[in-house]
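Atoms within each ligand, like the ligands themselves, are counted from 1 in listed order.
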Amino acid sequence: MTEATDYRPMWGELGLDLEKHDALLGVLDQVYTDVYLAQKNRPDGMGYFDFVMSEVHGLRIKELVDAKAAGKIVVGSFCVFVPEELVLAANGVNVGLCAGADFGTEQAERYLPRNTCALIKSFFGFSLEKVCPYLESCDLVVGENTCDGKKKAYETFKDMTKGEFMALDMPNTKSDEGHTVLKRAYLDLVAALERVSGKAITVDSLKAGIETVNKKRAAMHRLAKLRHATPAPISGLDALLANQVFFYDNPERFTDSVNKLCDELEQRIEKKIGVAPDTTPRIVISGCPMAVPNWKLPSIIESAGAVVVGEESCIGERGTQNLVSTDGESVDRLIENLVDRYFTIDCAVFTPNPTRAEHALQIARDTKADGVIHYALQFCSPYQMEAPLLERHVESGGLPVLRIDTDYSQEDVGQLRTRVEAFIEQIRH
Ligand code: BJ8
């Protein structure tokens with residue numbers, strides 16, 4: 001047995017509060033053991049993701065430190081509208097900074113109103129308590145102006161990051177004008193990336209970045225499709241974990257690991273091996289993104305005897321849908337291609353946004369789901385406001401919907417469990 005690496009000197013150098021960081025890792029470890037390692041009949045390919053999670057603040061951070069020493073930059077973002085393709089093209093490493101744990105909430109509420117969504121409070125809390133090695137590694141942090149909460153929070157947050165902060169101005173309609181606004185935002189991002197990295201983005205580097213991310217997304221499309229099978233070859237929790245690791249891992253290694261997992265799932269499907277019997281009620285979750293370690297709702301659903309077969313979410317199919325074309329022989333043309341692909345992301349901050357409900361129903365049909373659970377974080381107006389619209393659309397397609405509003409705390413777990421169990425009873429064959 002090899003001795004565990006001591007990462008404390010590295011964390012210290014990054015400026016983490018070691019005591020608080022220990023407390024965070026302790027909680028994370030316990031939750032992971034209870035939620036993930038307690039699952040039965042998991043595919044062997046999940047071993048890779050277990051390893052990634054066990055080293056999420058260790059080996060991966062060491063890789064970031066080494067990449068920086070080799071001249072790369074680390075770029076952090078909070079939203080799937082920040083193209084990883086551009087970051088890679090500028091000799092950068094892209095990391096997701098959204099946080100899914102109730103940590104440092106009291107501190108965060110010194111800067112934010114109490115009625116701010118848990119996702120925003122969480123990244124403030126992680127920053128203020130100095131427990132996020134990803135954030136502390138960033139040379140550039142990109143905050144996209146999407147919902148009002150994030151937009152206004154970034155006005156304060158921009159002075160809290162060690163690295164440079166850049167606000168990305170986003171459109172709020174899917175109009176021609178919106179298309180132009182997004183292109184302008186991406187051109188601004190190119191300029192910032194080139195300045196911070198000291199490297200020009202070229203046709204070749206951008207094509208290479210697009211190809212790398214296309215492969216990563218194609219692997220996720222493959223995984224999503226395999227979940228259409230009955231019995232479900234993988235749990236919703238495990239598929240969510242792959243979707244979450246998407247935002248942290250080395251892209252090539254990640255793609256390879258997801259494809260290996262998919263090879264195994266294909267064999268399982270052929271042999272009719274599933275994580276639950278054929279008759280298990282199948283659920284699609286639609287709504288706000290679930291950042292690590294926010295496994296609360298899928299864990300409740302699956303421990304109540306259902307299986308999650310798809311996510312209409314930015315950490316899920318909303319975030320990974322569609323690839324970027326590599327056609328074109330100028331950087332400008334390739335950026336147009338990026339805008340075309342990113343413009344199809346149907347985040348609830350756009351108005352109107354009918355394709356999101358259509359996509360949710362489509363995922364539910366493809367996965368042969370028995371019902372859809374809409375998940376909104378409390379105080380998230382865009383998703384809470386869209387919930388009844390989405391519910392009507394999905395119900396008109398013949399599927400029942402349960403609407404859940406929650407946060408990252410454990411206080412409402414009992415009440416949620418009761419509602420989810422009643423919904424599962426209702427949809428059981
Ligand atoms: S593209 S969903 S990742 S903005 S939960 S902070 S919306 S109040 S996260 Fe998002 Fe980009 Fe859209 Fe996706 Fe605001 Fe709601 Fe909080 Fe949210």
(request) Could you pull out the N/O/S protein atoms under 2.8 Å of atom 13 (Fe) of ligand 1, ignoring any water? (result) Cys314 SG

(request) Kindly say whether the aromatic ring centers of Trp11 and His57 come within a distance under 6.0 Å. (result) no

(request) Check whether the ring centres of Phe123 and Tyr408 lie less than 6.0 Å apart, and answer yes or no. (result)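 Distance test on ring centres: not under 6.0 Å, no.
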
(request) Kindly confirm or rule out a cation-pi arrangement of Lys158 over Phe165, judged by NZ or CZ under 6.0 Å from the six-membered ring centre and within 45° of its axis? (result)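 Geometry flag: not set, cation outside 6.0 Å or 45°.
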
(message) Can you confirm if the NZ or CZ of Lys216 lies within 45° of the ring axis of Phe246 and under 6.0 Å from the centre of its six-membered ring?
(response) yes

(message) Using the rule side-chain contact (heavy atoms from CB on, under 4.5 Å), only one of Asp22, Asp17, Leu16 pairs with Lys20; which is it?
(response)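 The passing option is Asp17.
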
(request) Would you check if the side chain of Asn353 reaches a backbone N or O of Cys347 as a donor-acceptor pair within less than 3.5 Å? (result) yes

(message) Tell me if a side-chain donor or acceptor on Lys162 pairs with a main-chain N or O of Ser137 at a distance below 3.5 Å.
(response) no

(request) Begin from the C-alpha positions of Phe126 and Tyr134 and carry the test ring pair (Phe, Tyr, Trp, His ring centres under 6.0 Å) through to its verdict. (result) CA-CA 10 Å; Phe126 272 54; Tyr134 289 92; over 10 Å; no

(message) In the structure I gave you, are the side-chain heavy atoms of Tyr32 and Trp295 within less than 4.5 Å of one another anywhere?
(response)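 Yes - at least one pair of side-chain heavy atoms lies under 4.5 Å apart.
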
(request) Find out whether His179 and Asp340 are in side-chain contact, i.e. whether some heavy atom of one side chain is under 4.5 Å from a heavy atom of the other. (result)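 Yes, their side chains come closer than 4.5 Å.
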
(request) Determine, counting only non-hydrogen atoms of the protein, whether one lies under 4.0 angstrom from atom 1 (S) of ligand 1. (result) yes

(request) Pull up every protein N/O/S atom sitting under 2.8 Å from atom 16 (Fe) of ligand 1, skipping waters. (result)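 As for protein N, O or S atoms lying under 2.8 Å from atom 16 (Fe) of ligand 1, they are Cys117 SG.
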
